[in-house]
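Atoms within each ligand, like the ligands themselves, are counted from 1 in listed order.
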Amino acid sequence: MTKVVVTRKIPGNGVKMLQDAGYDVVVSPHDRPLERQELLNFIQGADGVLSQLTDKVDEEFINACGPNLKIVANFAVGFDNLDTPTLTSHNIVATNTPDVLTEAVAEHTFALILAIVRRIPEADKLSRSGSPPAFGPEVLLGTELKGKDLGVLGLGRIGSRVAELGYAIGMNVIYFDNNKQNQELEQKVGAKARESAEAVLKEADVVSIHVPLLDSTRHLINAEKLQMMKPTAYLINTSRGPVVDEAALVEALKSGTLKGAALDVYEKEPQHAPGLDALNNVVLTPHIASATNEARSAMGELAAKNIIAVLSGQPPLTPVKV
Ligand code: GLV
């Protein structure tokens, strides 16, 4: 019987779709990432795996599955956990879950922007402190977004939607994207391309990162780049942690090189760089940008559709683009 392994419990109909397709579907009983050896034992004999971004999919993983493995469907749009050249060399299809989480991630990005500029976590803490302040002209002053420059690094699906949300709130959108100038978005939201990431960093009041993790984007934001930002600026990261040198970011936030940061992703996830948690001028969430019922259900269903397609000899719906 065709075996499909789901390495962690997922919401929505994805598992049912796989069961209805007639596969032997084995779902991890744990609500946590499997330890490496546990994972390698669990995936044995799989024809298809519905993987999580916490699962490293490499030669060892492929060998542990055995010779029948045909598809790894990653429950994420990012796929830096997949060794795609090795998968390709074994003729194993790799898929991801684009589009269905764009709205969730863009909305979370904006939740983080609003939370940091209006100091929502600080205000929440103060409100619950037992002695909340009365209305005060100088209590917890924040920053308005209307008329400010939103700098978007990476204008793919998510970056474009963040640009639209910024425009809707009255921000001027500037962007840098290696691959393209997006004329449609320029017309739609008046976005203006800049010639480099550095130009965006120097000019923007809020910088939001939406690039994939590649060798070329690792530490794209380092101490030198942070120095280029305005001391009144905010950095938002909902892409991948290693795109930002987190230790350098902590120093920049401590020294006033920049005003604040909001992060959903971390360099050594789930750990945070020393000193980060103690700062008041950060908002931190634990990699939940796509965590809506809508997005997470749709991600599971899309991953299941990819598995069903490939195991029945059809092309995948959303192969990873390498
Ligand atoms: C989450 O980070 C994803 O890549 O979907």
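- Between R218 and E267 there is no salt bridge, since no side-chain nitrogen of the basic residue lies less than 4.0 Å from a carboxylate oxygen of the acidic one.
- When each atom of ligand 1 is checked for a heavy atom of H287 under 4.0 Å away, the hits are 1 (C), 2 (O).
- At least one N or O atom of R240, backbone or side chain, sits closer than 3.5 Å to an N or O atom of ligand 1.
- Shown in contact with L101 at under 4.0 Å from a heavy atom are these atoms of ligand 1, numbered in order with element: 5 (O).
- Checked by atom type and distance alone, the side chain of E107 never pairs as donor or acceptor with a backbone atom of A104 at under 3.5 Å.
- Below 4.0 Å from some heavy atom of A76 lie the following atoms of ligand 1, by number and element: 3 (C), 4 (O), 5 (O).
- What sits closest to atom 5 (O) of ligand 1 on the protein, heavy atoms only, is V77 N, 2.8 Å.
- Screening D205, T143, N281 for a side-chain hydrogen bond (donor to acceptor under 3.5 Å, both in side chains) involving Y234 leaves a single residue, T143.
- Among the atoms of L53, none of the N or O lies under 3.5 angstrom from an N or O of ligand 1.
- Between K268 and D245 there is no salt bridge, since no side-chain nitrogen of the basic residue lies less than 4.0 Å from a carboxylate oxygen of the acidic one.
- L258 and L226 get closest at one heavy-atom pair: CD2-CD2, 4.2 Å.
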